[in-house]
Amino acid sequence: MKLILDGKINRTYVQTLCMAFFHGEKFPKDEKDATTVLYVKTEDREGGIYCEAELCTQNGKERATSFDAFSGIKSYERVSKTAVGKAVYEAASKLTGKSLPWGILTGIRPSKVAADLIKDEGKGCASEILKNEYLLSDKKIRLVTDVAQNEKKIISLATDKTCSIYISIPFCPSRCNYCSFISYATPKLFSLIPEYLNRLMLDIKNTFETVKSLGLKVLCVYIGGGTPTVLNESQLDKLLSCIGNCIDTKELLEFTLEGGRPDTITEEKLRIAKAHGVNRISVNPQSLNDSVLEKIGRKHTVADFLMAYETVEKSGIEHINTDLIAGLDGDTKESFQNTVDKIISLSPGNVTVHTLCVKNAAEIRKGGAAYETDDKAASASVDYAYDRLTECGYAPYYLYRQKNTVSDLENVGYSKPGEEGLYNVFMMADAHTVFGVGAGSTTKLVFSNEGKTEIKRIFSPKYPYEYLQDNQNKYKEAEDFFKKEV
Ligand SMILES: C[S@@+](CC[C@H](N)C(=O)[O-])C[C@H]1O[C@@H](n2cnc3c(N)ncnc32)[C@H](O)[C@@H]1O
Ligand code: SF4
């Protein structure tokens with residue numbers, strides 16, 4: 001798509017909004033023969049900002065205008081964004097016949113926008129603004145304001161003196177065709193696991209030493225992936241013993257092992273995890289429909305999931321999470337509803353409802369292939385999940401959005417009271433420092449001073465093989481960052 005922008009207009013914002021209407025759209029700078037062209041022009045006028053947008057595609061041409069007035073505490077950027085957003089939205093909506101549940105609101109964390117509005121204007125006014133200025137649907141207003149209120153209590157547990165630790169195990173028993181996470185999934189690459197673990201354990205020890213020297217208290221340890229339970233019993237024992245030698249795990253608020261794939265979970269691995277203090281585990285079906293599981297290359301059945309779930313329940317690990325994905329190939333509104341109902345009947349403390357996000361690195365996009373989805377089914381699926389889960393005593397407390405997600409929908413963590421997954425909220429909200437250990441992990445140093453938050457990210461090499469060659473000294477970088485801030 002070619003963008004012609006005239007005025008003080010945020011290009012990234014316009015691109016993101018266009019991608020919500022046109023999945024996978026690209027915006028090359030010197031596109032000559034573009035078949036889709038969007039022209040946007042803004043003008044500062046008496047008391048506000050006027051915008052006109054014209055969108056031409058092979059299917060026709062639409063034009064829309066808007067005017068947003070300056071008032072109260074609204075910044076110039078906010079007025080400019082809503083003026084541009086409304087004109088672009090109207091033109092694109094007229095041309096495609098689509099309406100977007102999140103209206104003109106883009107960004108990973110809409111609950112931050114809602115929380116700021118609630119703080120500045122009160123909950124009633126915030127809802128009005130989300131409806132009239134940002135064009136959110138009533139359902140998304142309810143969702144985002146609920147999340148803003150529920151996550152607030154969790155965020156308040158984090159301070160400049162606390163942190164969390166993420167440990168990456170980027171290996172999987174096989175590759176699911178929708179997934180774009182970096183992980184090694186072949187027996188040949190598994191031969192790297194012993195060497196990877198040795199290096200990881202060295203980095204874990206160094207990380208805990210850095211945390212200690214910085215005087216930080218660790219609230220959460222999260223072992224994620226990939227699929228950490230791909231480790232065999234003795235490897236898992238070694239890894240968890242290493243963590244247990246660095247910290248008294250009883251003092252952690254949360255110690256998560258992201259099991260994930262049911263086909264990697266055994267009674268013995270769970271016994272080891274529980275003995276080392278793990279108090280939260282994921283066991284993920286994604287769908288409880290065998291034909292969908294087969295289509296997405298998941299390599300386990302519904303029966304395998306149910307057996308793994310029973311084993312996890314019997315293990316005595318306190319908090320169980322199950323991940324689902326709406327919008328998967330072959331799934332319908334009815335079969336997703338059946339998945340949600342079955343999961344609720346198992347009564348896990350946490351249910352995370354993702355919407356399929358189609359990224360280039362996924363098998364389903366191989367060679368840039370287009371990926372058709374049933375947008376209506378995905379939309380009805382996430383609405384059903386919200387309705388049923390909230391009726392059954394779960395509350396949404398964690399929410400994030402990604403580009404190229406089916407129907408521009410979202411990912412939501414639901415939990416029973418007191419069962420919220422803390423690490424995910426801390427991470428998403430930049431609530432405190434997170435040390436990432438292992439390939440593909442990110443260390444995020446966070447420090448707040450007089451209402452301003454300073455953030456520095458340090459990326460580990462993406463692939464296990466590169467990680468083994470790496471000798472970056474992020475401990476020194478962390479120490480320098482906090483020295484500078486204090
Ligand atoms: C880091 S993955 C690891 C989980 C574990 N390996 C598994 O597959 O069960 C965490 C979750 O992200 C979600 N996910 C992964 N790829 C996705 C995609 N393309 N779109 C939406 N959700 C996705 C899945 O629900 C998955 O359980
Ligand atoms: S969805 Fe999970 S198991 Fe499947 S490839 Fe991605 S990380 Fe691995």
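Whatever order the structure lists them in is the order used to number ligands and atoms, beginning at 1.
In this structure, Y397 has its ring center at least 6.0 angstrom away from the ring center of Y414. For Y386 and Y384, the gap between ring centers reaches or exceeds 6.0 Å. No close placement of the Y184 and Y465 rings is indicated, their centers lying 6.0 Å or farther apart.
Atoms of ligand 2 found under 4.0 Å from any heavy atom of C176 (numbered from 1 in listed order, with element): 1 (S), 3 (S), 4 (Fe), 5 (S). Near R261, meaning under 4.0 Å from any of its heavy atoms, are these atoms of ligand 2: 3 (S). Within the listing of ligand 2, atoms 1 (S) sit less than 4.0 angstrom from a heavy atom of Y178.
Looking from atom 6 (Fe) of ligand 2 to the surrounding protein, the closest heavy atom is C179 SG, 2.4 Å.
Side chain of K462 to main chain of I182: no donor-acceptor pair is present (N/O by atom type, distance under 3.5 Å, no hydrogens or angles).
Heavy atoms of R298 come nearer than 4.0 angstrom to ligand 2 in at least one pair. The shortest heavy-atom distance from G225 to ligand 2 is not under 4.0 Å.
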Identify every side-chain donor-acceptor pair in residues 437-445 under 3.5 Å, counting partners at least two apart or on other chains, and give the distances.
from	atom 1	to	atom 2	distance (Å)
S441	OG	G436	O	3.4
S441	OG	V437	N	3.3
S441	OG	G438	O	2.7
S441	OG	S460	OG	3.4
T443	OG1	G436	N	3.0
T443	OG1	G436	O	3.3
K444	NZ	M427	O	2.7
K444	NZ	D430	OD1	2.5

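Once rounded to the nearest 0.5 Å, the distance linking OH of Y222 with CD1 of I167 reads 12.0 Å. In this structure, K140 NZ and D383 CG are separated by 5.0 Å, a value rounded to the nearest 0.5 Å.
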Polar pairs, ligand 1 vs protein, N/O only, below 3.5 Å.
from	atom 1	to	atom 2	distance (Å)
ligand 1	6 (N)	G226	O	2.9
ligand 1	6 (N)	T227	OG1	3.1
ligand 1	8 (O)	R298	NH1	2.7
ligand 1	8 (O)	R298	NH2	3.4
ligand 1	9 (O)	N284	ND2	2.8
ligand 1	9 (O)	Q286	NE2	3.4
ligand 1	9 (O)	R298	NH2	2.8
ligand 1	19 (N)	Y178	O	3.0
ligand 1	19 (N)	C357	O	2.9
ligand 1	20 (N)	C357	N	2.9
ligand 1	25 (O)	Q286	OE1	2.7
ligand 1	25 (O)	H354	ND1	3.1
ligand 1	27 (O)	N284	ND2	3.4
ligand 1	27 (O)	Q286	NE2	2.8
ligand 1	27 (O)	D323	OD2	2.7

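R298 and N177 share no donor-acceptor pair across their side chains, judged by distance under 3.5 Å alone.
Contacts between C172 and ligand 2, counted as non-hydrogen atom pairs separated by less than 4.0 Å, involve the side chain only.
The local environment of CD in E195 is sparse, with at most 12 non-hydrogen atoms from other residues, nucleotides or ligands closer than 6.0 Å.
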